[in-house]
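Accompanying notes for the structure given below.
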Amino acid sequence: MTSTAPETQRGQDAGDPLGEQPTSWQRRLRRFGHVPRPETPLRDRLDPPYTRPGRQVWSVLAVPPHVADRLVRWSGWGGPLLITLVAGLLRFWKLDRPHAVIFDETYYAKDAWALVNQGYEGSWPKDVDKLILKDPSSVPIPTDPGYVVHPPVGKWIIGFGEQLFGFTPFGWRFMVAVLGTVSVLLLCRIGRRLFRSTFLGCLAGLLLAVDGLHFVMSRTALLDLIVMFFVLAAFGCLVVDRDRARRRLADALPVDAEGVLRPDARIAETLRLGWRPWRLAAGVMLGLAFATKWNGLYVLAAFGLMTVLWDVGARRTAGAVKPYMAVLRRDLVPAFVSTVPVAIVTYVVSWTGWFVTDKGYYRNWAATEGKNSSWNWLPDWLRSLWHYENQVYDFHVGLTSGHTYESNPWSWLVLGRPVSYFYEEQAGCKESTTGKCASEVLAIGTPLLWWLACFALAYVVWRWLFRRDWRAGAIACGVAAGWVPWFFYQERTIFLFYAVVFVPFLCLAVTMLLGAIVGPAAGQGARAELGLTSGDPTGERRRTLGAIAAGVLVLLIVWNFIYFWPLYTGTSIPEDLWRDRMWLDTWV
């Protein structure tokens with residue numbers, strides 16, 4: 001079995017690279033759980049190896065060593081692909097059900113259809129949804145421009161599915177389901193790289209596959225799942241970039257007569273890390289997130305800061321005496337250029353359909369209402385777009401009208417107020433004592449997963465602050481980037497399903513907590529962290545009990561997903577069973 005414990009001695013940036021005595025503040029932090037990092041080779045600190053499963057598992061299963069080695073090599077992709085296959089089957093099962101325009105699909109499905117057919121969104125007549133469901137070919141696309149308040153990338157993606165499968169529920173949900181499925185694969189691979197464990201990576205992907213909010217959003221033509229996909233892809237690109245940059249540093253450092261890699265202040269402070277295409281790709285992904293919904297802009301700022309701090313940690317570990325100054329001189333400008341300008345250019349390019357037409361909303365504003373502006377030296381298309389963006393911003397910050405399912409971000413983690421996308425009652429239900437059956441699509445996370453994530457986030461923050469584990473800091477950054485900005489708009493009408501953007505990071509947090517429950521694999525560093533002596537059987541006993549506890553938690557989460565399955569898919573169930581699943585009064 002692959003080790004399920006994040007190893008403290010691997011992958012941490014902080015601390016003196018020469019292994020000197022801890023500082024006074026480090027000694028004071030020990031009362032809160034701070035543990036000095038055991039001696040670890042410098043190369044392993046810069047480029048940690050992947051955990052390999054022990055031979056005991058293969059011996060118990062009677063698997064020959066050469067077959068075991070081959071399975072281990074294949075598992076890096078085989079395990080994630082298997083989890084992704086399961087996630088895809090779940091998400092595409094009866095994707096066209098309910099056969100209805102549910103919740104905000106009434107906006108995005110129609111805007112996407114107009115966008116892919118004429119380059120701009122149209123002004124659709126009211127009560128047209130029923131006609132679309134009955135016979136979409138009989139509904140003409142309106143040529144009058146429609147006022148929309150979100151950028152076009154997400155609608156282009158939804159529209160691509162409509163082009164493939166028609167202007168139908170399956171068509172407008174298809175691409176969102178594809179991205180929801182692929183995001184499970186991404187998280188498996190990101191988790192594997194983050195924790196250096198195939199098992200932990202697959203566990204993170206499994207948790208995402210059985211999260212109710214991610215599942216519902218993968219089967220609904222809304223924009224937030226698309227934002228989540230690009231944010232997760234950007235995070236993955238930055239993690240790969242981090243690994244490659246640190247490996248480049250390790251390869252440049254000197255090796256002593258005994259073949260041991262040694263830190264070097266001059267190399268650590270002056271080495272140029274060269275062309276970094278993965279960070280450039282992250283800039284594109286963040287631009288696409290921003291070009292789907294504006295909350296992607298906050299993630300751009302948070303991830304930009306995070307990647308710079310990663311460079312600081314890498315140069316410090318390599319021996320830099322003044323790592324911040326080194327990053328300021330060598331890395332800050334390339335990091336900025338690779339992310340912010342690239343994201344902005346990506347955002348502007350996403351409006352191409354609006355640029356090449358002359359009927360888009362506010363498309364000709366610069367030549368009419370804005371012709372006397374003091375900014376006339378700028379191109380008309382740019383001034384018109386800027387005016388449009390200003391109007392959209394005023395709309396968003398001023399959106400305070402009440403809604404039945406609005407919720408405060410403080411309540412999101414405990415699933416205080418989920419959103420009902422679809423609800424329908426059927427009379428004459430003999431299985432119910434009330435004589436009614438109910439069908440509902442409820443946008444709510446798997447409760448046990450989210451409630452466990454509350455404890456996992458506390459653990460992640462503790463591990464980041466007192467163990468100085470960069471992985472915990474990265475997970476906390478992902479959650480904060482998707483969650484904290486909404487606290488600045490608490491008076492605005494906002495909903496729980498916006499939280500889908502940081503659901504993958506909740507799954508990573510829970511994975512890290514479960515790894516800690518299992519405990520580190522047997523070894524000197526692991527035993528030192530637990531305070532065990534060599535040969536002490538307590539470590540193996542604790543690990544066995546930890547594995548049982550973690551396994552029970554995972555099984556409970558899977559059961560919880562299955563239990564709420566009817567509420568995720570709109571399956572008709574007796575009203576009694578529906579009420580049994582309303583665990584909190586605020587869910588009704």
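The chain is numbered in sequence order, starting from 1.
- Looking only at side-chain heavy atoms (C-beta outward), R417 and L496 stay at 4.5 Å or farther from each other.
- The main-chain N or O of A499 is never found under 3.5 Å from a side-chain atom of W483 such that the two would form a donor-acceptor pair.
- The backbone N or O of H150 sits less than 3.5 Å from a side-chain atom of K155, completing a donor-acceptor pair.
- Taking the side chain as every heavy atom from C-beta outward, W278 and R242 never approach each other to under 4.5 Å.
- By the 4.0 Å N-to-carboxylate-O rule, R173 lies close enough to E105 to be salt-bridged with it.
- Side-chain N or O atoms of T307 include none that pairs as donor or acceptor with a backbone N or O of F303 at under 3.5 Å.
- Not one N or O on the side chain of D224 forms a donor-acceptor pair closer than 3.5 Å with the backbone of V500.
- Remark: R219 fails to qualify as a cation-pi partner of Y568 under the 6.0 Å distance and 45° angle criteria applied to the six-membered ring.
- Atom CG of L208 is separated from atom CG of L232 by 7.5 Å, given to the nearest 0.5 angstrom.
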task = Given side chain to side chain contact (heavy atoms under 4.5 Å, CB included), test Y388 with V148 step by step and report yes or no.
result = CA-CA 10 Å; Y388 197 167; V148 296; 3.3 Å; yes

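- Minimum interatomic distance between L179 and I157 (heavy atoms only, all atoms of both residues): CD1-CG2, 4.1 Å.
- Side chain of R315 to main chain of P323: no donor-acceptor pair is present (N/O by atom type, distance under 3.5 Å, no hydrogens or angles).
- The minimum heavy-atom distance between C507 and A204, with the atom names listed, is CB-O, 3.9 Å.
- Side chains of R329 and E269 form no contact here, defined as non-hydrogen atoms less than 4.5 Å apart.
- Classified by interplanar angle (parallel below 30°, tilted 30° to 60°, perpendicular above 60°), the ring pair F495/F497 is parallel.
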ask   = Should Y347 and W294 be marked as a side-chain hydrogen bond (donor to acceptor under 3.5 Å, both in side chains) after you check the CA-CA gap, both sets of side-chain angles, and the distance that decides it?
value = CA-CA 10 Å; Y347 179 86; W294 279 4; 3.1 Å; yes

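- Under the 3.5 Å distance criterion, the side-chain polar atoms of T446 are matched with a main-chain donor or acceptor of V210.
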ask   = Stepwise, does the side chain to side chain contact (heavy atoms under 4.5 Å, CB included) test hold for L200 with R192?
value = CA-CA 6 Å; L200 286 181; R192 179 179 183 270; over 6 Å; no

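- Judged purely by atom type and a 3.5 angstrom limit, R189 uses its side chain to pair as donor or acceptor with the backbone of G76.
- Across W93, F561, F564, F92, a single residue satisfies ring-ring contact (aromatic ring centres under 6.0 Å, His included) together with F215, and that is F561.
- Ion pairing between a basic and an acidic side chain is recognised when a charged N comes within 4.0 Å of a carboxylate O; D311 and R276 show such pairing.
- Under a 4.0 Å N-O distance rule, the pair D243/R196 qualifies as a salt bridge.
- Here the side chain of R91 pairs no donor or acceptor atom with the backbone of V176 at under 3.5 angstrom.
- Atom CZ of R330 has more than 12 neighbouring heavy atoms from other residues, nucleotides or ligands inside a 6.0 Å radius.
- Exactly one of D211, L187, L449 qualifies for a side-chain contact (heavy atoms from CB on, under 4.5 Å) with V503. That residue is D211.
- Of the possible donor and acceptor atoms, none in the side chain of T220 sits under 3.5 Å from a partner among the backbone N and O of M217.
- The closest side-chain heavy-atom distance from N295 to P485 is not below 4.5 Å.
- Within 6.0 Å of the OH atom in Y324, the count of heavy atoms belonging to other residues, nucleotides or ligands does not exceed 12.
- Between S218 and T181 there is no side-chain heavy-atom pair separated by less than 4.5 Å.
- Proximity of W470 to L309: side-chain heavy atoms (C-beta onward) are nowhere separated by under 4.5 Å.
- At least one side-chain heavy atom of H214 sits under 4.5 Å from a side-chain heavy atom of V184.
- Classification of the W462-F466 ring pair by plane angle, with boundaries at 30° and 60°, yields tilted.
- Within a 6.0 Å radius of CH2 in W386, other residues, nucleotides and ligands contribute 12 heavy atoms or fewer.
- Side-chain atoms of R246 come within 3.5 Å of backbone atoms of R45 as a donor-acceptor pair (strictly under, hydrogens ignored).
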task = With ring-ring contact (aromatic ring centres under 6.0 Å, His included) as the test, would you mind laying out the steps for F235 and F505 before giving the verdict?
result = CA-CA 10 Å; F235 182 78; F505 301 97; 5.0 Å; yes

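- For the pair F502/L413, a side-chain contact is recorded, criterion being any heavy-atom separation below 4.5 Å from C-beta on.
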task = Could you check M228 against V231 for side chain to side chain contact (heavy atoms under 4.5 Å, CB included), going step by step and ending with a plain yes or no?
result = CA-CA 5 Å; M228 181 280 305; V231 168; 5.7 Å; no

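- Few gaps surround CZ on R247; more than 12 heavy atoms of other groups in view lie less than 6.0 Å from it.
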